[in-house]
Participant: 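Would you mind keeping the following structure in view while I ask a few things?
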Amino acid sequence: MNDSTSPGALPEEFAQRLQQIIPCERFADCWKSFTRPMATSFRINSLRGRTEDVAAELTRAGFDLLPLAWNADAFSVPDDQRRALTESAACTEGRIYIQNPSSMIPPFALDPQPGEEVLDLAAAPGGKTLHMAALMKNRGRIGAVEVVRNRFFRLRSTLERGNAQIVQTYMKDGTRVWRQCPERFDRVLLDAPCSGEGLFQIDQPQSFAYWGKKKRAEMVRKQRRLLYSAVRSLKPGGTLVYSTCTFAPEENEAVVQHALEQFGDALAVRDIELHLDAMQPGLSEWQGAAFCPPLRAARRIVPNGVMEGFFICKLYKRESTRDM
Ligand code: SAM
């Protein structure tokens with residue numbers, strides 16, 4: 001780990017774990033992502049404007065837009081245009097939402113439909129809630145839950161700025177939602193709190209200051225409880241997406257495997273119908289322990305200079321869990 005692109009200050013144990021997680025031919029690009037700013041990506045918010053109009057507005061303002069191949073509403077600009085983009089009227093007035101492309105995948109995989117009732121169980125700052133409201137064309141209902149007070153207010157301001165009219169926000173602990181709303185929702189997104197390894201930056205030591213076994217264990221406890229709540233809040237026949245922005249298998253495949261064991265035949269893993277070069281299947285084992293084969297259908301995003309590290313797993317609820 002000592003060539004010129006090595007983020008030497010990242011914990012050595014992190015480097016060793018990552019070598020066991022990331023395929024060796026992708027490892028160098030993955031390392032670079034901790035040392036270099038990513039291109040700045042954004043999604044045009046169809047609840048505030050048409051893609052062609054907003055793209056033309058930004059081009060007139062001097063931004064160099066590069067379209068994203070798999071999402072007609074998404075673009076990137078060179079990183080030196082990030083600040084100007086953040087300060088642009090399109091951004092401050094909610095016509096665009098700055099967001100890494102990896103964050104656009106969980107709503108895409110969940111595929112919420114107009115008229116449905118959807119739960120976003122860990123919602124702030126609200127980029128994915130807003131995306132789901134746009135996919136639903138502001139028809140139906142989204143319940144968006146966030147437990148941390150200042151983040152809750154950020155969520156509200158994202159939704160207001162973005163004209164998401166179908167969202168009811170709740171400052172609540174998501175682990176309790178299932179008690180009030182058992183089997184209520186057509187779809188549930190759990191974009192879980194995590195150790196955030198996909199966002200580590202060598203020049204921002206606070207991004208990995210708390211990294212380690214203890215933090216991981218704390219996150220796993222939260223993730224398991226939130227996923228339990230998500231499954232119990234979901235209607236039979238409903239779809240759930242579990243995602244994190246971390247590499248740790250303990251917080252990804254192992255959390256989903258725990259839910260599969262808890263709920264037995266009631267829960268199944270589904271394919272994600274998006275095939276990108278940055279995607280890898282879920283791991284088949286970690287540190288000698290095998291994961292169940294259906295978890296290969298989960299998707300890991302390996303950083304490639306545009307996309308950040310992410311984990312996404314789509315689940316289907318086959319039958320009721322009321323009597324469990
Ligand atoms: N989905 C969000 C987005 O795209 O903007 C990002 C969500 S972030 C990864 C996870 C969020 O879960 C954090 O805002 C965190 O405060 C919140 N959270 C943590 N524990 C929670 C709980 N028990 N109930 C609800 N939210 C929780």
Side-chain angles (χ1 to χ4, degrees), residues 41-43 45 47 71 73-74 91 94 96-110 112 118-136 142-162 164 167-181 185 187-200 207 210-211 215-233 240-248 251-252 255 301 307-314:
S41 303
F42 64 92
R43 198 176 50 74
N45 173 22
L47 303 178
N71 182 342
D73 297 328
C91 187
I96 64 166
Y97 188 84
I98 296 179
Q99 188 178 41
N100 187 268
S102 297
S103 286
M104 301 173 197
I105 298 177
F108 183 89
L110 189 66
V118 175
L119 173 65
D120 187 345
L121 205 50
K128 297 183 190 71
T129 324
L130 181 60
H131 189 180
M132 293 196 292
L135 292 170
M136 294 166 72
I142 302 177
V145 179
E146 170 58 49
V147 75
V148 177
R149 188 181 167 80
N150 65 335
R151 293 182 64 86
F152 175 79
F153 289 108
R154 272 186 74 194
L155 166 69
R156 286 181 89 153
S157 99
T158 300
L159 299 172
E160 207 168 299
R161 196 176 325 114
V167 187
Q168 273 166 300
T169 52
Y170 302 90
M171 195 181 348
K172 268 185 186 297
D173 179 354
T175 64
R176 294 165 184 264
V177 166
W178 68 278
R179 291 181 191 275
Q180 285 143 350
C181 311
F185 297 94
R187 299 181 201 249
V188 179
L189 175 65
L190 173 54
D191 185 39
C194 68
S195 56
E197 293 168 341
L199 307 177
F200 285 1
S207 67
Y210 300 104
W211 183 86
K215 178 77 176 171
R216 214 159 39 238
E218 177 199 330
M219 287 300 142
V220 169
R221 276 194 300 279
K222 285 188 185 177
Q223 290 154 349
R224 283 184 175 187
R225 294 180 64 209
L226 282 164
L227 186 52
Y228 180 87
S229 183
V231 174
R232 303 237 21 189
S233 305
L240 188 161
V241 166
Y242 175 82
S243 57
T244 74
C245 59
T246 209
F247 301 104
E251 299 180 57
N252 293 325
V255 168
I301 311 286
M307 301 188 74
E308 287 168 354
F310 235 82
F311 173 86
I312 304 126
C313 187
K314 182 170 173 175

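Just follow the structure's listing: the first ligand is 1, and inside any ligand the first atom is 1. Quick note: numbers below take in every heavy atom, side chains included, and nothing from hydrogens, waters or symmetry partners.
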Participant: Is the shortest distance from a Lys or Arg side-chain nitrogen in Asp73 or Arg43 to a carboxylate oxygen in the other one below 4.0 Å?
Facilitator: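 Salt bridge absent between Asp73 and Arg43.
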Participant: Against ligand 1, does Ser103 come closer than 4.0 Å with any heavy atom?
Facilitator: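 Ser103: no contact with ligand 1 (<4.0 Å).
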Participant: Using a 3.5 Å distance criterion without hydrogens, assess whether the side chain of Ser102 forms a donor-acceptor pair with backbone atoms of Glu308.
Facilitator: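 Side chain of Ser102 to backbone of Glu308: a pair is present.
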Participant: Give, for atom CG of Leu190 and atom CG of Leu110, the distance between the pair rounded to the nearest 0.5 Å.
Facilitator: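 It is 11.0 Å, given to the nearest 0.5 Å.
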Participant: Look only at interatomic distance and state if Pro193 has a nitrogen or oxygen under 3.5 Å from any nitrogen or oxygen of ligand 1.
Facilitator: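 Between Pro193 and ligand 1, no N or O pair is found under 3.5 Å apart.
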Participant: In terms of heavy-atom contacts, does CZ of Arg216 have more than 12 from other residues, nucleotides or ligands at under 6.0 Å?
Facilitator: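 For Arg216, atom CZ is crowded (more than 12 foreign heavy atoms under 6.0 Å).
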Participant: Could you list which atoms of ligand 1 come closer than 4.0 Å to a heavy atom of Gly126?
Facilitator: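 Per the distance check, 3 (C), 5 (O).
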Participant: Would Tyr97 count as being in polar contact with ligand 1, using the rule that some N or O on each side must be under 3.5 angstrom apart?
Facilitator: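 Among all N and O atoms of Tyr97, none is under 3.5 Å from an N or O of ligand 1.
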Participant: Which is it for Ser157 and Arg161 under the side-chain hydrogen bond (donor to acceptor under 3.5 Å, both in side chains) test, yes or no, and what are the steps along the way?
Facilitator: CA-CA 6 Å; Ser157 99; Arg161 196 176 325 114; 3.2 Å; yes
Participant: Taking distance alone, with no angle check, do Pro125 and ligand 1 share an N/O pair under 3.5 Å?
Facilitator: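 N/O-N/O distance under 3.5 Å: yes.
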Participant: With a heavy-atom distance limit of 4.0 Å, tell me whether Lys172 approaches ligand 1 through its side chain, its backbone, both, or neither.
Facilitator: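 The answer is the backbone.
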Participant: Can you report which non-hydrogen protein atom sits closest to atom 26 (N) of ligand 1, along with the distance?
Facilitator: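 In this structure, atom 26 (N) of ligand 1 has Val147 N, 3.5 Å as its nearest protein heavy atom.
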Participant: Name the one of Cys91, Ser103, Pro125 that satisfies side-chain contact (heavy atoms from CB on, under 4.5 Å) with Tyr97?
Facilitator: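 Single side-chain contact (heavy atoms from CB on, under 4.5 Å) partner of Tyr97 among Cys91, Ser103, Pro125: Pro125.
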Participant: If you count the atoms of ligand 1 from 1 in the order shown, which ones are under 4.0 Å from a heavy atom of Val148?
Facilitator: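 Listed by number with element, the hits are 16 (O).
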Participant: How far is atom 14 (O) of ligand 1 from the closest protein heavy atom, and which atom is that?
Facilitator: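 For this ligand atom, the closest protein heavy atom is Arg151 NE, 2.5 Å.
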Participant: Answer yes when Arg156 and Glu160 have at least one side-chain N-carboxylate O distance shorter than 4.0 Å, and no when they do not.
Facilitator: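 Salt bridge absent between Arg156 and Glu160.
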Participant: For ligand 1 and Gly174, I'd like to know whether there is a polar contact (N/O to N/O, distance under 3.5 Å).
Facilitator: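 Gly174 vs ligand 1: N/O contact under 3.5 Å present.
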Participant: Determine whether Ile98 and Ser41 satisfy the following criterion, side chain to side chain contact (heavy atoms under 4.5 Å, CB included), listing intermediate values before the conclusion.
Facilitator: CA-CA 6 Å; Ile98 296 179; Ser41 303; over 6 Å; no
Participant: Please state which option from Cys245, Ala192, Ala124, Pro107 has its nearest heavy atom closest to atom 7 (C) of ligand 1.
Facilitator: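 Among Cys245, Ala192, Ala124, Pro107, the closest heavy atom to atom 7 (C) of ligand 1 belongs to Ala124.
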Participant: Provide the number and element of each atom of ligand 1 under 4.0 Å from a heavy atom of Ala123.
Facilitator: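 Matching atoms, with element in brackets: 1 (N), 2 (C), 3 (C), 5 (O).
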Participant: Just heavy atoms, cut-off under 4.0 Å: does Asp120 contact ligand 1 by side chain, backbone, both, or neither?
Facilitator: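 Near ligand 1, Asp120 shows nothing, with every heavy atom at 4.0 Å or more.
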Participant: Donor-acceptor check, side chain of Glu146 to backbone of Ala124, threshold 3.5 angstrom: yes or no?
Facilitator: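 A pair under 3.5 Å: yes.
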Participant: Taking 4.0 Å as the limit for heavy-atom contacts, which would you say applies to Lys128 with ligand 1: side chain only, backbone only, both, or neither?
Facilitator: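 The part of Lys128 near ligand 1 is both the backbone and the side chain.
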Participant: Would you mind telling me which of Ile105, Asp191, Thr246 makes a side-chain contact (heavy atoms from CB on, under 4.5 Å) with Phe310?
Facilitator: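 Among Ile105, Asp191, Thr246, the one that satisfies the side-chain contact (heavy atoms from CB on, under 4.5 Å) with Phe310 is Asp191.
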Participant: Identify the closest protein heavy atom to atom 12 (O) of ligand 1: which residue and atom is it, and at what distance?
Facilitator: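 Residue, atom and distance for the closest contact: Ala122 CB, 3.2 Å.
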Participant: Yes or no: does Leu121 have any heavy atom under 4.0 Å from an atom of ligand 1?
Facilitator: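 Yes, that is the case, since the closest heavy atom of the residue is under 4.0 Å from the ligand.
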Participant: Look at atom 23 (N) of ligand 1 and find which of Leu130, Asp191, Asp173 reaches it with the closest heavy atom.
Facilitator: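 Selected option, by shortest heavy-atom distance: Asp173.
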Participant: Quick one about Tyr228 and Arg232 (side-chain donor to acceptor, distance below 3.5 Å, no hydrogens or angles considered), yes or no?
Facilitator: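 Yes - a donor-acceptor pair under 3.5 Å links their side chains.
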Participant: Could you check atom 17 (C) of ligand 1 against the protein and tell me its nearest heavy-atom contact, residue, atom and distance included?
Facilitator: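 Nearest protein contact, heavy atoms only, for atom 17 (C) of ligand 1 is Glu146 OE1, 3.2 Å.
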